[in-house]
Structures are given as structure tokens and as C-alpha cells.
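In what follows, a structure is listed as C-alpha cells, so that the remarks can point back to it.
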Number of protein chains: 2
Amino acid sequence: MSKQHAELMEQKGIKVSHQRLRILDYLEKNRVHPTADMILNDLKDEMPSLSKSTVYKTLNTFVEKGVLRELTIEENEIRYEYNLQDHGHFKCIECGKVFDFEYRFDVDDIKELKGFRIDDKNIYFKGLCRDCNSSKVM
Amino acid sequence: MSKQHAELMEQKGIKVSHQRLRILDYLEKNRVHPTADMILNDLKDEMPSLSKSTVYKTLNTFVEKGVLRELTIEENEIRYEYNLQDHGHFKCIECGKVFDFEYRFDVDDIKELKGFRIDDKNIYFKGLCRDCNSSKVM
DNA sequence: ATATGTGCAAACTGTTTGCAGCCGC
DNA sequence: GCGGCTGCAAACAGTTTGCACATAT
């Protein structure tokens, strides 16, 4: 919903613009952890003048202001997601899809990290998703 | 120890060469999860003719053959480590150091991943390490 | 002699930056 | 009219690639 997103931006001190709204709407709808390039390509159909630099700058702004989260799953690309809640990711090496999962991880148990301040937790697995795994077996 | 590394390479079907030995020795000694660039810079003092492409090609060979592990902590660089054992990483956003830690993570508990085949687990946190954290408090 | 590892430079890719022009308040 | 967002093109950085030469067996 554009209206809620406009409010969200104002709360976070981000100037509302057409491009920014569309990018945020896109990320809310397309929860596939897209890269900047995917976002650009998809939005270009409806907004032919949209530029690469606007997409990158916008995404960086959103990440800085805590509206989006950046994911490092592959080393050569940044993926973005709307879901700010703590959760893990699973990337299927066959079909390329990225799945979310919930986890419980007791950080206090880890003796090596006593006294550390943990700001950001990142957990991702790779392998075969259910569909790709079962079609492999057959 | 170069000799053990030479044997290891032979076991894994990697031809032994001077450059490859030195790079592997370096990674065994310098357990700081270096990037290709750090390795190149450090080794260039003793081996001025060593080239970027040799370092990259060698590291890729080692990763393919399972001698080294690749880490994705930052999205714009690949780090390498000699330690193949399953463990987590913590990167301090202040001093930049990367710490290892052991974890227990029961994957069978995760309902979203039932039926998935998990090949690779990757866990990394960011924040302040003990030293940087305590100097912040003061 | 042959196979393959090495080193140089150029190509590639995702991301960032500088700057002129445009838009909304 | 002003601030700042947008879009273009160029710059950048890490990585990969093509190719000629060097090297070891």
C-alpha cells in the first residue's frame, strides 16, 4: 500500500517520491529477495525512465534508515528484503529460490562471544529445496 | 608445514607448485580470513613476481578441491580460511577483525526446511568485539 | 616434448559517484 | 526559487579470462 509506505518514509525522515514509493511497493509485494538489477528490470516496464543509479541510491537510503534489510547470500550481489524480522535464509543451488525460515539461536550460550555486542545476525544455508531434492531422488 | 601441504595437495589431485605451497602455508599461518588481495600483498614481499591471477586461480582451485573454505561476510569481497570445520564468524564493525566461534544449531528443528538437503551452513554476526565494546563503554 | 602453471593485461560485473537538469513544495 | 531527487555516463573494485611464456617432469 503506497499510502502506508508514504507515512513510513515520513516517519523515518525520507522524502517521499514517486520512484521511492514504487520501489518500496515492489519489495513489499515481491518477497523473493531481489537484487537491484531485478528490481530495475521489473519496474522499467512501467517506468521506462527509471535509472540504475536511482534504484541503488534509493535502496541504500532505505537500508540506512532501517526500512529494508540487505542480504549477503552470494558474494557478488546484494539482495534486499522488506521483512525486518530476524530469520534465516536458504538458497537452493538448483532452482535459485531463496526461502525464509525461523530459527531459535541462543547467543548467550556461545562462550567465544561473551562481552561482544551483537548488532546483526546472519544465517543462511545452501542446498536443495524440497522440490528439487525430491526430483533428484527419482 | 610445506611438506604436509604438498602431501595434502597430492591427495586432492592438485599439482604441487611453489606458488601454491606458499599460498597454502600463508593461509595456515594467518588465520585472519584474508582476502585474495591481502594474500597477494603479503606474499609479494617475498615473491615479487607473484601475480593477482595466480592467487585467484590458486584459491579457486583449493576451494573446488575442498582444501579451503570461502567466506561471504562482506558482499564485495571473498575471504578464505584454512579451517574447514563447521563454525560461525563474527566481524567487528569497529576494528574489522573476524572471530571464529563454535555453535550448536539443530537443523532438524526447523519446520520450514523439512525435506531440504542442506549442503552448506553459513552463520555470521556483526557488532563490536569485546575489546572495542569495552572501550566504547568507558 | 608435453602438459600445465604463471603472469600480464584486458574484460566483466555489480556498485558508486559527479554532475546537470528537473520536480515539487 | 530552493533543496534535493533523478538519470546519464564515467569511475571503481574485486574477480575472471585469454594468451604467450616459463617450468617441471
Side-chain angles (χ1 to χ4, degrees), chain A residues 2 5-6 9-10 12-26 33-65 67-80 91 96 98, chain B residues 2 5-6 8-10 12-26 33-65 67-80 96 98:
Chain A
S2 290
H5 288 161
M9 285 189 220
E10 270 165 34
K12 302 271 188 174
I14 305 167
K15 280 249 173 88
V16 178
S17 79
H18 183 59
Q19 287 84 338
R20 287 177 176 172
L21 267 178
R22 298 295 286 273
I23 291 172
L24 193 51
D25 287 353
Y26 177 89
H33 317 85
T35 62
D37 213 56
M38 296 178 198
I39 299 169
L40 176 63
N41 275 322
D42 287 356
L43 287 179
K44 222 160 187 174
D45 294 342
E46 318 152 8
M47 313 171 65
S49 76
L50 182 64
S51 80
K52 209 166 51 170
S53 52
T54 300
V55 173
Y56 278 108
K57 282 171 188 165
T58 300
L59 292 170
N60 282 334
T61 306
F62 284 152
V63 171
E64 276 163 31
K65 303 289 185 173
V67 176
L68 297 177
R69 225 167 96 86
E70 232 178 55
L71 297 184
T72 308
I73 297 183
E74 231 64 60
E75 44 283 337
N76 59 339
E77 62 186 19
I78 307 177
R79 288 167 175 270
Y80 295 88
K91 169 150 186 178
V98 176
Chain B
S2 290
H5 287 161
L8 176 61
M9 285 189 220
E10 269 164 35
K12 300 271 186 174
I14 304 167
K15 281 249 172 87
V16 178
S17 79
H18 183 60
Q19 287 85 336
R20 287 177 176 172
L21 267 179
R22 298 295 286 274
I23 290 173
L24 193 50
D25 286 353
Y26 178 88
H33 317 84
T35 63
D37 214 57
M38 295 177 199
I39 298 170
L40 176 62
N41 275 323
D42 286 357
L43 287 179
K44 220 156 188 178
D45 294 343
E46 317 153 9
M47 313 171 66
S49 77
L50 183 63
S51 80
K52 209 166 50 171
S53 52
T54 299
V55 174
Y56 278 108
K57 282 170 187 164
T58 301
L59 292 169
N60 282 333
T61 306
F62 284 152
V63 171
E64 277 163 31
K65 304 287 184 173
V67 176
L68 296 178
R69 226 167 95 85
E70 232 178 55
L71 298 184
T72 308
I73 297 182
E74 231 63 61
E75 45 283 337
N76 60 338
E77 62 185 18
I78 307 178
R79 288 167 174 270
Y80 296 88
V98 177

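We name chains A, B, ... by the order of the sequence lines, and we start the count at 1 in each one. No experiment lies behind these values; they were computed from the predicted model shown.
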Nearest-Å distance, [atom1] ([X]) to [atom2] ([N])?
X     : N      : atom1 : atom2 : answer
B:I23 : C:dT6  : CD1   : C1'   : 11 Å
B:R20 : C:dG7  : CZ    : P     : 11 Å
A:E70 : C:dG14 : CD    : P     : 16 Å
A:F62 : C:dT15 : CZ    : P     : 17 Å
A:M47 : C:dC22 : CE    : C1'   : 15 Å
B:N41 : D:dG14 : CG    : P     : 11 Å
B:Q19 : C:dC8  : CD    : P     : 11 Å
B:H18 : C:dG7  : NE2   : C1'   : 15 Å

Study note, to complete from the structure: Of the listed D:dG7, C:dG5, C:dG14, the closest approach to the A:E77 side chain comes from C:dG14
Revision key, fill the gap. Which of D:dG7, D:dT6, C:dG7 is nearest the side chain of A:L50? It is D:dG7
**Study point:** A:L24 side chain reached by A:L68 side chain, heavy atoms, under 4.5 Å
**Key:** yes
Check your understanding: Can you check whether A:T72 reaches B:E74 side chain to side chain, under 4.5 Å on heavy atoms?
Key -> no
Nearest 0.5 Å, please: how far is [atom2] in [Y] from [atom1] in [X]?
X     : Y     : atom1 : atom2 : value
A:D45 : A:L50 : CG    : CG    : 11.0 Å
B:R20 : B:L59 : CZ    : CG    : 11.0 Å
B:D42 : B:I23 : CG    : CD1   : 12.0 Å

Exercise for review: Determine yes or no for a side-chain-to-main-chain donor-acceptor pair under 3.5 angstrom, with B:T58 supplying the side chain and B:T54 the backbone.
Suggested key: yes
Exercise for review: Examine distances only and state if a side-chain atom of B:R79 and a backbone atom of B:H33 form a donor-acceptor pair shorter than 3.5 Å.
Suggested key: yes
Practice item. Map B:S17 and A:R79 onto DNA chain C by nearest heavy atom, then report which one ends up closer to the 5' terminus. Key: B:S17
Check your understanding: For DNA chain C, whose closest nucleotide is more 5', that of A:A36 or that of B:T54?
Key -> B:T54
Exercise for review: Examine D:dG7: is either OP1 or OP2 under 4.0 Å from a nitrogen or oxygen in the side chain of A:S49? Give yes or no.
Suggested key: yes
Check your understanding: How would you label the contact of A:T35 with the nucleic acid (heavy atoms, under 4.0 Å): base, sugar-phosphate, or nothing?
Key -> nothing
Quick test: give all pairs of protein nitrogen or oxygen and nucleotides 16-19 of chain D nitrogen or oxygen below 3.5 Å, distance rounded to 0.1 Å.
unit_1 : atom_1 : unit_2 : atom_2 : d
D:dT16 : OP2    : B:N60  : ND2    : 3.1
D:dG18 : O6     : B:K57  : NZ     : 3.2

